[in-house]
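Following: one structure in structure tokens, then a few remarks.
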Amino acid sequence: MAQNQDRAAQAAVAAHYGMLLGIQSPWEVKRVQLQLDEKKVELALAHDSALPVRCPHCQRVCARHDHAPERQWRHLDVMQFTTIIRARTPRCHCPEHGVGTIAVPWAEPHGRFTLFFEAFAVEVIRASRSLTQACDLLRLDWHAVQEIMARAVERGLLRRSTEEVRRVGLDEKSFGRGQDYVSLLTDHDGRRVLEVVPGRDLPSAVKLWESLPDSQRARVEAATMDMGANFAAATRQAAPLADIVHDRFHVSKLLGEAVDKVRREEHRRLLQKGDESLTGTKYHWLQGAALEGEPALAFSALCERNLKTARAWAHKETFVEFWAQPDMAAGQAFFAEWFRAARRSKLDPLKKVALTLKEHLTGLLNYFVHPITNALTEGFNSKIQAIKADARGFRRFANYRTRILFFCGKLDLAPDLPAFLTH
Ligand SMILES: [Zn+2]
């Protein structure tokens with residue numbers, strides 16, 4: 001009698017879980033096993049042997065062959081209990097495709113988690129401050145989290161459209177311990193990272209471009225980049241119709257480096273005469289007009305002396321106005337004047353940068369047709385810094401790429417939930 005009651009209660013609990021999880025014919029919850037000490041509930045599912053099975057490749061109704069070994073999937077927690085689904089999936093025999101395991105409605109073919117769990121995990125990872133926090137919340141190790149992210153990115157890339165991409169940015173980032181580099185392709189208008197490839201040489205840059213289909217590459221109007229040879233050569237090769245726009249942040253960086261070279265040399269000469277005026281001023285010259293308070297006063301006193309460093313700095317500051325010119329003709333006139341002054345400056349590092357800029361003048365003037373910069377990539381820096389600082393595994397390129405595309409790719413990441421489970 002008691003045994004019958006037990007069996008009836010078991011059946012009721014199984015039916016209840018079936019409803020809760022949306023399990024429907026031909027699947028059925030056979031058994032529910034609670035493990036209180038582990039805070040875990042395991043559901044054994046079975047496929048109704050009277051109902052037909054379909055080939056996973058062509059959906060044709062086929063003969064049953066046998067069952068695959070038992071597998072398990074982690075599902076959403078129920079009342080804070082880790083919930084595991086176990087099942088032996090029938091295998092069918094298709095005249096065309098041979099023996100195959102039928103698809104289950106709750107998971108993707110090789111996933112270890114149900115679609116619901118993956119959808120939830122994607123949200124948790126997206127909302128977490130760090131991968132470590134996501135691992136804690138999901139009670140998963142970082143390998144599993146990385147696996148969920150990789151699948152999500154794959155899904156997102158399949159669904160992504162790049163039809164509208166017209167203005168892109170090419171940029172490099174250091175990666176791992178800082179010895180290796182990756183190249184990034186960004187979409188200025190969509191404000192997203194499109195692709196990441198290892199390296200920063202010409203083949204890498206070509207590969208980066210080739211992540212866009214031929215027909216779409218031909219519609220890209222402009223690409224921002226530094227003044228190095230590789231990105232420009234790759235653009236001429238892979239997207240010859242795109243205008244090359246040299247990025248103003250890179251120009252400013254080159255000019256900043258020239259000022260610093262002048263400062264270091266002058267500092268050395270002043271020290272020989274016992275003059276310590278330039279000691280500790282490296283960052284003053286980088287920040288310049290942005291300084292406040294005491295450093296600002298000290299800086300303007302420095303500027304009033306006839307220092308080479310102050311002259312180099314003035315040339316750099318003047319160049320900022322280049323970007324504010326109303327059109328290309330005005331930009332060209334401004335540049336000619338700035339260039340003459342810089343070449344007469346007798347400051348070798350500055351004269352050298354002036355020549356580099358002149359060699360890249362077309363790409364600089366293209367800014368007046370396409371006023372875009374790699375500021376977007378710079379904006380991703382803090383996000384990417386956080387990705388690098390976080391958890392383990394970022395030194396492997398594939399993991400790094402997955403994380404950048406997961407957080408900066410604006411991809412549609414969640415799995416499609418089967419209609420009967422979402423009612
Ligand atoms: Zn088939």
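Computed from a predicted structure; not experimentally measured. As the structure lists them, so they are numbered: ligands from 1, and atoms in each ligand from 1. What's counted below: heavy atoms across the whole structure, side chains too, no hydrogens, waters or symmetry copies.
- Restricting H97 to its N/O/S atoms, the shortest distance to the Zn ion (ligand 1) is reached by ND1.
- Inclusion of C94 in the first shell of the Zn ion (ligand 1) is supported: an N, O or S atom falls under 2.8 Å.
- Within the 2.8 Å limit, C55 places at least one N, O or S atom next to the Zn ion (ligand 1).
- Using bins of under 30°, 30° to 60° and over 60° for the plane-to-plane angle, the ring pair W323/F319 lands in the perpendicular bin.
- Ion pairing between a basic and an acidic side chain is recognised when a charged N comes within 4.0 Å of a carboxylate O; R200 and D226 show no such pairing.
- The aromatic rings of F334 and F322 lie tilted to each other, with the angle between the two planes from 30° to 60°.
- Remark: E221 does not engage R219 in a salt bridge, criterion side-chain N to carboxylate O under 4.0 Å.
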